[in-house]
Protein chains: 2
Amino acid sequence: MGVFMGVCVTTLLREKGFKVTPQRLAIYNVLAASKAHPSAEMIFHQLQPIYPTMSLATVYKTIEILKELGLIQVLNAGEDSFRYDADTSNHPHICCRRCGRVDDLHGVDSTEFVEKVVKTTPYRITGQQFYFYGVCPECAAKE
Amino acid sequence: MGVFMGVCVTTLLREKGFKVTPQRLAIYNVLAASKAHPSAEMIFHQLQPIYPTMSLATVYKTIEILKELGLIQVLNAGEDSFRYDADTSNHPHICCRRCGRVDDLHGVDSTEFVEKVVKTTPYRITGQQFYFYGVCPECAAKE
DNA sequence: GTGAGTGCAAATGGTTTGCATGTTC
DNA sequence: GAACATGCAAACCATTTGCACTCAC
């Protein structure tokens, strides 16, 4: 899987005229391997030990490219910073009000709800983002 | 309606120990009268002609209080700034990718969808926010 | 009159940009 | 070797904070 994805990113970057650099692959790999929807800062800190010279600016610039290539989606659950998800399938997210973690919400079908909206609104709809808020099991256990 | 709402805000502010100032009432009135989900900056500019001395800081501080009183809800459709809505009912929003306007989406029932999520997730859910993205009729007409 | 609110200006923090140096192809 | 990428530092911009002056009560 790692190898396959590596090839994909490499190919996609080259196709669009971007160069393939270790930093870009590393940043994508962090996102692809994580279920925590890391922010730029989180990616930066995770790569710090392996790429001590990497800068936050490079993380942001790379994220911009990955977004452009359609390899990641951007989340904003109402925090001060954006989070990123290499799973570009359209799934809802759930955010813990206590600890701030963001989890995926798979296996819940929203097509019926989306259909109703598409029929109702005068907008031409191109996408959607659903955020749920609450308390995660870990935080609930502490209370 | 304006008077009624004015009384409500006044009462609520006093009850919670906040003072009633012209600025606070003006800021709430802008939000209550608008369907555009204005940002702090937009509120500020709208009040500029009437309250030339008002500062952005006051807008932000007042928003904080209105939030605390449950009089407004905060939106974040993925832009760089937050937007605010005096309609605190739980309704989805739709955001135009072209012009950035944010509209309400009333009359679409989401309870079934929410129920499914509540049953599926280990989180204790306390709220949700649904954002749709697309092109508004005005922008579509221009294309 | 007192304590809270306003408004200015400065600080903060996430993100972006400019540019000299380093790397990919 | 040319063009593009990196990484530093400075810039940016939304939001927050500190504080002297003002106002609601």
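Every chain is numbered from 1 and lettered A, B, ... according to where its sequence line falls, protein lines coming before strand lines.
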Taking only the side-chain nitrogens and oxygens of Gln23(B), find out if one of them lies under 4.0 Å from OP1 or OP2 of dC23(D).
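It does not, given that no N or O in the side chain of Gln23(B) lies less than 4.0 Å from OP1 or OP2 of dC23(D).
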
Rounded to 10 degrees, the angle between the two terminal axes of the helix from dG1(C)-dC25(D) to dC25(C)-dG1(D), each from five pairs:
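Inter-axis angle at the ends, rounded: 40°.
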
Set of residues satisfying side-chain hydrogen bond (donor to acceptor under 3.5 Å, both in side chains) with respect to Lys19(B), sequence neighbours excluded:
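So Lys19(B) forms no side-chain hydrogen bond (donor to acceptor under 3.5 Å, both in side chains) with any residue.
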
All side-chain hydrogen bond (donor to acceptor under 3.5 Å, both in side chains) counterparts of Asn76(B), not counting sequence neighbours
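With neighbours one apart ignored, the set is Asn76(A).
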
To the nearest 0.5 Å, what is the distance between [atom1] on [X] and [atom2] on [Y]?
X         : Y         : atom1 : atom2 : answer
Leu105(A) : Thr121(B) : CG    : OG1   : 5.5 Å
Arg101(B) : Cys136(B) : CZ    : SG    : 5.0 Å
Tyr123(B) : Glu138(A) : OH    : CD    : 7.5 Å
Thr62(B)  : Ile27(B)  : OG1   : CD1   : 3.5 Å

Results of side chain to side chain contact (heavy atoms under 4.5 Å, CB included) for Ser110(A) - residues two or more places apart only
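Ser110(A) satisfies side chain to side chain contact (heavy atoms under 4.5 Å, CB included) with Val114(A), Phe130(A), Phe113(B) once adjacent residues are dropped.
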
Go through the structure and list residues passing side chain to side chain contact (heavy atoms under 4.5 Å, CB included) with Val20(A), not counting sequence neighbours.
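Partners of Val20(A) by the side chain to side chain contact (heavy atoms under 4.5 Å, CB included) criterion, ordered by chain and then number, come out as Thr10(A), Leu13(A), Arg14(A), Leu25(A).
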
Which pairs with one or both residues in residues 67-95 of chain A pass salt bridge (Lys or Arg N to Asp or Glu O under 4.0 Å), sequence neighbours excluded?
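Listed once each, the pairs are Glu64(A)-Lys67(A), Glu79(A)-Arg83(A).
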
Mark up nucleotides 20-25 of chain C, 5' to 3', with B wherever a protein heavy atom is under 4.0 angstrom from a base atom, S wherever such an atom reaches only the sugar-phosphate, and - elsewhere.
----BS

Looking at residues 93-103 of chain B, who's got a heavy atom less than 4.0 Å off DNA chain D?
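Close to the strand, none.
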
Which ones in residues 46-69 of chain B lie close to DNA chain D, meaning a heavy atom under 4.0 Å from one of its atoms?
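When residues 46-69 of chain B is checked for heavy atoms under 4.0 Å from DNA chain D, the hits, listed by number, are Ala57(B), Tyr60(B), Lys61(B).
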
When clusters are formed from ILVMFWY side-chain contacts under 4.5 Å, directly or step by step, what else is grouped with Val135(A)?
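Result for Val135(A) is none, singleton.
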
Could you list by number each residue of residues 75-88 of chain B showing a heavy-atom separation from DNA chain C of less than 4.0 Å, or answer none if no residue does?
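By residue number: none to list.
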
N/O donor-acceptor pairs under 3.5 Å from side chains in residues 46-55 of chain B, not counting sequence neighbours:
| from | atom 1 | to | atom 2 | distance (Å) |
| --- | --- | --- | --- | --- |
| Ser55(B) | OG | Ala57(B) | N | 3.4 |
| Ser55(B) | OG | Thr58(B) | N | 3.3 |
| Ser55(B) | OG | Thr58(B) | OG1 | 3.3 |

In terms of relative ring orientation, are His37(A) and His91(A) parallel, tilted or perpendicular, with 30° and 60° separating the classes?
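Tilted: the ring planes of His37(A) and His91(A) meet at 30° to 60°.
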
